[in-house]
Amino acid sequence: MIRFMIKSTLTSVIIGDALGSAVDGMTRGHIHAHFKNITDYIDPGPALKNRIEQWRKPGLYSSMAQMMIIMAMACPRRGPCADSFRHAVAFSPEVAGYDYGIFRYPGAVERSFILRMKDPALHTQVPEQPCARIIPIMTFLSFRNNSALDHILDVMAAVRLFTLDLTTLVAALIYTSLIRTMASGRNPQAGPLQASIEAAAMVIDTVESNSSAIFTAAVNPGTLIRELRSNVDALKETASADTLRSAEKIIISHVNRNLKTPVTRATVNLPAALFPYSLAVTSLASAAALPLVTAVLEGGSTAALAAMTGAIGSSRNDALQQTDALVRNLVNRKKVLALVDTLHGGSVTPEIMNDFIRSEASLTTKEQEELGARLKHAKKKQKKSPLTRTDKEKALTRHAVESWTKYDKARWKKERQRHDKNDES
């Protein structure tokens, strides 16, 4: 059963990423206006207007799924794995004309990680920026055959390669512990929100019982426990919601307590918002709708939201959370599905990893070439020449006259006529 869950969960993350990447960053209203019924991968071209540089190849997954797969290949079933993952990223091939090697459309935190791995001479610090995209990258760590404490230490080490942000770490711990719990078959009747509350409680118990080990790993156990309990409170309240909109309001309310600039939607790239919202989508999506499609239609950070929704849904139902078309039209489908089969079998050789990374370099190159061709034929924005001082004065005069009332215009006309008569005399 666990082997099948590994296959279905990893596949759902990849497909969720590929489906959501096309419209990542678009608003809910904009997506609904252009894509009424999503049954397959989306070509975002019609919705981009003058932003064709943001085009993404339909069915092609992003750096998020790429890093999840590489982490899964780099991590054996036991023992530390952060260093082997870091090494695999550092020595991945370069792609001509593209700054991030094989990795497609990485977010700011991912870009920082890639550049630090590629060029250690930069000596840049690990950022403290929150990023929900890091959470799905940790998916395979849910399936390693280790203790609860080793699992926590695994996730801590992996997350801190990307960011020192505590909210990202806490969300990743609850997310991976939730999938780990579902894979073990404990309390199969519990919904995602309730199961996540129980998973968080187990993480808290483990941290409290092993505070010295957590402290040795450079994380303050007291601060970690407080953040975990705060997340549990938010999850408990979210579990009482009966609609997706009411769940979103609860999540926003909790997130805004710690923000100087409040957010107005739960689909922002904040782990404290996006992870619980993925649980809400999985729990409250319409029975007639595929949770992955519901996630994409919500807008915002759609790639991360759909990836987490797919993983949670697959772990919960012990089945794939996508249609045949989404599996069939996934770019690089044969290699990806064969690799997932190998991963759930528990044996990955260096040759298999190198072959996958080489194929990703080829895919990224082809995608960049296709994007370049689209940009070449796109209608270019005409650059306006700078206005002269005379032009600026004329524009200002015209604006002033156009803003007058009818009375002002009539008075000005009368004064102008009087002035012209005086000149003639």
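S301 pairs with exactly one of V268, L270, L274 by the side-chain contact (heavy atoms from CB on, under 4.5 Å) rule, that one being L274. F113 pairs in a ring pair (Phe, Tyr, Trp, His ring centres under 6.0 Å) with only one of the listed residues (F85, F103, Y100), which is F85. Between K57 and the choices E367, E369, E370, the salt bridge (Lys or Arg N to Asp or Glu O under 4.0 Å) rule is met once, by E370.
Nearest heavy atom pair, residue M68 against residue P136, reads CG-O, 3.6 Å. Considering all non-hydrogen atoms of both residues, T267 and G299 come closest at CB-O, 3.3 Å. In terms of heavy atoms, A303 sits closest to D17 at CB-OD1, 3.6 Å. Of all the heavy atoms in I31 and V296, the pair that sits closest is CD1-O, 3.5 Å. The shortest heavy-atom contact between S63 and R133 is OG-NH2, 3.2 Å. The heavy-atom pair separating V95 from A361 by the smallest distance is CG2-O, 4.1 Å.
Not one N or O on the side chain of S112 forms a donor-acceptor pair closer than 3.5 Å with the backbone of A108. At least one donor-acceptor pair under 3.5 Å links the side chain of S209 to the backbone N or O of D205. Panel note: side chain H151, backbone N146; no donor-acceptor pair is recorded below 3.5 Å. Between the side chain of N256 and the backbone N or O of V263, at least one donor-acceptor pair lies under 3.5 Å. Formation of a donor-acceptor pair under 3.5 Å by the K118 side chain with backbone atoms of S92 is found in this model. Between the S196 side chain and the L193 main chain, a donor and an acceptor come within less than 3.5 Å of each other. Judged by distance alone, the side chain of T11 and the main-chain N or O of S8 form no donor-acceptor pair under 3.5 Å. Side-chain atoms of N354 come within 3.5 Å of backbone atoms of P350 as a donor-acceptor pair (strictly under, hydrogens ignored).
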Between W55 and L375, does a side-chain contact (heavy atoms from CB on, under 4.5 Å) hold up when you go through it step by step? CA-CA 9 Å; W55 179 82; L375 289 171; over 6 Å; no

Run the numbers on S362 and S359 for side-chain hydrogen bond (donor to acceptor under 3.5 Å, both in side chains), then give the verdict. CA-CA 5 Å; S362 176; S359 72; over 6 Å; no

May I have the step-by-step check of side-chain contact (heavy atoms from CB on, under 4.5 Å) for F143 and T9, ending in yes or no? CA-CA 10 Å; F143 300 108; T9 303; 3.9 Å; yes

Going through the distances and angles, do Y277 and T309 end up as a side-chain hydrogen bond (donor to acceptor under 3.5 Å, both in side chains)? CA-CA 9 Å; Y277 199 56; T309 299; over 6 Å; no

Could you go through the side-chain hydrogen bond (donor to acceptor under 3.5 Å, both in side chains) check for S230 and D233 one step at a time? CA-CA 5 Å; S230 175; D233 291 340; 5.7 Å; no

Walk me through whether E298 and R245 qualify under salt bridge (Lys or Arg N to Asp or Glu O under 4.0 Å). CA-CA 11 Å; E298 287 298 295; R245 296 285 77 81; 2.5 Å; yes

Yes or no on side-chain contact (heavy atoms from CB on, under 4.5 Å) for L290 and L326, after CA distance, side-chain angles and deciding distance? CA-CA 12 Å; L290 196 68; L326 293 176; 4.2 Å; yes

Going through the checks in order, is the side-chain hydrogen bond (donor to acceptor under 3.5 Å, both in side chains) test met by T176 and S142? CA-CA 5 Å; T176 54; S142 308; 4.8 Å; no

Given T243 and S246, is the side-chain contact (heavy atoms from CB on, under 4.5 Å) satisfied, shown in steps? CA-CA 5 Å; T243 66; S246 60; 2.9 Å; yes

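Residues meeting the ring-ring contact (aromatic ring centres under 6.0 Å, His included) test with F215, sequence neighbours left out: none.
By the 4.5 Å heavy-atom criterion applied to side chains, R56 and Y105 are counted as neighbours. Using a 4.5 Å heavy-atom threshold, the side chains of E198 and T181 count as separate. Side-chain contact between V23 and H34: absent, with no pair of heavy atoms (C-beta onward) separated by less than 4.5 Å. Counting heavy atoms from C-beta on, the side chains of E248 and I251 never come closer than 4.5 Å. Side-chain contact between P93 and I102: present, with at least one pair of heavy atoms (C-beta onward) separated by less than 4.5 Å. The closest side-chain heavy-atom distance from Q66 to T364 is below 4.5 Å. Using a 4.5 Å cut-off on side-chain heavy atoms (C-beta onward), K7 and D341 make contact. At a threshold of 4.5 Å between non-hydrogen side-chain atoms, the residues N332 and Y61 count as touching.
To the nearest 0.5 Å, atom CD1 of residue I204 and atom CG of residue L224 are 8.5 Å apart. Taken to the nearest 0.5 Å, the CD atom of E110 stands 6.5 Å off from the OG atom of S62. With rounding to the nearest 0.5 Å, the separation of CZ in R257 from CD1 in I252 is 13.0 Å. Distance check, rounded to the nearest 0.5 Å: CZ of R86 to CD1 of I70 gives 15.0 Å. Remark: I352 CD1 to T349 OG1 distance equals 3.5 Å, nearest 0.5 Å. Expressed to the nearest 0.5 Å, how far CG of D24 lies from OG1 of T302 amounts to 4.0 Å.
Within a 6.0 Å radius of NE2 in H32, other residues, nucleotides and ligands contribute more than 12 heavy atoms. More than 12 non-hydrogen atoms from other residues, nucleotides or ligands lie less than 6.0 angstrom from CD of E53.
Under the 4.0 Å criterion applied to side-chain N and carboxylate O atoms, K366 and E360 are not assigned as salt-bridge partners. Ionic pairing of D355 and K335 is present here: one or more N-O contacts between side-chain nitrogen and carboxylate oxygen are shorter than 4.0 angstrom.
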Donor-acceptor pairs are to be reported for all side-chain atoms of residues 157-174 against protein atoms at under 3.5 Å, with residues two or more places apart or in another chain.
residue: R160; atom: NH2; partner: A218; partner atom: O; Å: 3.3
residue: T163; atom: OG1; partner: P127; partner atom: O; Å: 3.2
residue: T163; atom: OG1; partner: Q129; partner atom: N; Å: 3.4
residue: T163; atom: OG1; partner: Q129; partner atom: O; Å: 2.8
residue: T163; atom: OG1; partner: D165; partner atom: N; Å: 3.0
residue: D165; atom: OD1; partner: T167; partner atom: OG1; Å: 3.3
residue: D165; atom: OD2; partner: T167; partner atom: N; Å: 3.3
residue: D165; atom: OD2; partner: T167; partner atom: OG1; Å: 2.4
residue: D165; atom: OD2; partner: T168; partner atom: N; Å: 2.8
residue: D165; atom: OD2; partner: T168; partner atom: OG1; Å: 2.7
residue: T168; atom: OG1; partner: C131; partner atom: N; Å: 3.2

